[in-house]
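Treat the numbers as computed from the prediction; the structure is a model and nothing was measured. Each chain gets a letter, A, B and so on, in the order the sequences are listed, and its residues count up from 1.
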There are 2 protein chains.
Amino acid sequence: MHLEVAERLRRDGQRYTALRRAIVGELIAAPRPLTVRELLKSRRGLVQSSLYRNLAVLIAAGVVDRVAGMQEDTARYELAEFALGHHHHLVCMSCGDIADVALPKTLEHDLERGLRKVASSAGYALDHHRLDVIGRCRRCR
Amino acid sequence: MHLEVAERLRRDGQRYTALRRAIVGELIAAPRPLTVRELLKSRRGLVQSSLYRNLAVLIAAGVVDRVAGMQEDTARYELAEFALGHHHHLVCMSCGDIADVALPKTLEHDLERGLRKVASSAGYALDHHRLDVIGRCRRCR
DNA sequence: ATTTATGCAAATCGTTTGCAAACCT
DNA sequence: AGGTTTGCAAACGATTTGCATAAAT
């Protein structure tokens, strides 16, 4: 994975520094998208501004995706699709927790096809979509 | 529409003040979700804090929904589903513009069914979903 | 040697809150 | 009067930026 990431950064004219490697390592280890606060706690001595700057670089290089939580005041970050595959998010409306989910392939396919049509008939060129499933997690039921 | 809104506020123990009426009026007139900045410009003398407070009241009463834009740093507001019907958003990844769209009924229905299954098998109780279609609008093609 | 990344502190931006005056019933 | 809403200013929290130092090529 690190090799792939390094390659993507190189293609974008960016270095794969120790800090970036550490951040990517955390994201690889995490079972779900992480907030900046979580990332900061995971590594002592990690500085906010550097973290934000590196996340921006990683996003620009297509290595990381920024995803919105329930209350959109705190962003979360996860590895990009090339690493995690296409998926969506289950968001708990009570505690804000997030889990990754994938749709059945046929449904995802139908959806994709429908969206392309809907987008083009509105004059939009479809790039991608994001789908969040809002509900209550096991603990918050 | 204002009658319906008044009723919902009343049910929530809230008044339908002139300011709230004005805000709802703007949202009714708008062809798409509006930002706080847009709402502020639309009415001279409208104060930020009052606007935010009233939006909170309207959201709590189920009259308004808050929706996330592309770069989730600026929220947008629109009338709730009871007024606009269930729909999704086309978001321009270049200019950030937003348009409302609906999926074909059968697709929406299949999606709903699939999501319920996916959610429950992850231990979540489905509440609702949000689907954003990201692309480039006509002008940004 | 020159460019790029980092840490630290200060600045920004959207949003929220405290408080006193205005409003409604 | 008694509780609610409003305006204004200050407070907040997430994110960004300026600048001097450290690291990488």
N or O in side chain of A:Tyr52 less than 4.0 angstrom from D:dT15 OP1/OP2: yes

A:Arg141 side chain vs B:Gly123 backbone, donor-acceptor pair below 3.5 Å: yes

Shortest non-hydrogen contact from A:Gly114 toward B:Leu107: CA-CD2, 3.8 Å

Please list, for nucleotides 20-25 of chain D, all pairs of protein and nucleotide N/O atoms separated by less than 3.5 Å.
none

Distance-minimising heavy-atom pair for A:Ala6 and A:Tyr16: CB-CD2, 3.7 Å

Atom pair distance, as rounded to whole Å: OH in B:Tyr16 and P in C:dT25: 15 Å

Whichever of A:Gln48 and A:Val57 has its nearest DNA chain C nucleotide further upstream toward 5': A:Val57

Minimum heavy-atom distance between A:Arg15 and A:Arg20, given as atom pair plus value: O-NH1, 2.8 Å

Axial bend angle, the helix from C:dA1-D:dT25 to C:dT25-D:dA1: five-pair end segments, nearest 10°: 30°

side-chain N/O A:Ser49 vs D:dT16 OP1/OP2, d < 4.0 Å: no

Nearest-Å distance for atom pair CD/P, residues B:Gln14 and D:dG3: 16 Å

Any side-chain heavy-atom pair of B:Arg32 and B:Glu78 under 4.5 Å: no

B:Arg20 CZ to D:dT6 C1', straight-line distance once rounded to whole Å: 10 Å

Non-hydrogen atoms of B:Arg136 and B:Cys92 that approach each other most closely: CA-SG, 3.9 Å

Phosphate OP1/OP2 of C:dT6 contacted by A:Asn54 side-chain N/O (<4.0 Å): yes

Rounded distance (Å) that lies between atom C1' of C:dG7 and atom CG of A:Leu40: 13 Å

A:Arg66 side chain, from C-beta outward: closest of C:dG7, D:dG7, D:dT15: D:dT15

Side chains of B:Leu55 and B:Arg66 in contact at under 4.5 Å (non-hydrogen atoms): no

Option among B:Glu112, B:Lys105, B:His128, B:His129 that satisfies the side-chain hydrogen bond (donor to acceptor under 3.5 Å, both in side chains) test with B:His86: B:His129

For the student: nearest non-hydrogen atoms of A:Ile59 and A:Tyr77, plus distance: CD1-CE2, 3.9 Å

Whole-Å gap separating P (C:dT6) and CG (A:Leu55): 11 Å

Side chain of A:Arg37 - closest among D:dA14, C:dT15, C:dT16: D:dA14

Beyond-backbone contact of A:Asp100 with A:His89, side-chain heavy atoms, under 4.5 angstrom: yes

Distance, rounded to the nearest Å, where A:Leu46 contributes CG and C:dT6 contributes C1': 11 Å

Quick test: give all pairs of protein nitrogen or oxygen and nucleotides 19-21 of chain C nitrogen or oxygen below 3.5 Å, distance rounded to 0.1 Å.
none

Minimum-distance nucleotide (side-chain atoms of B:Leu19 versus D:dG7, D:dT5, C:dT15): D:dG7

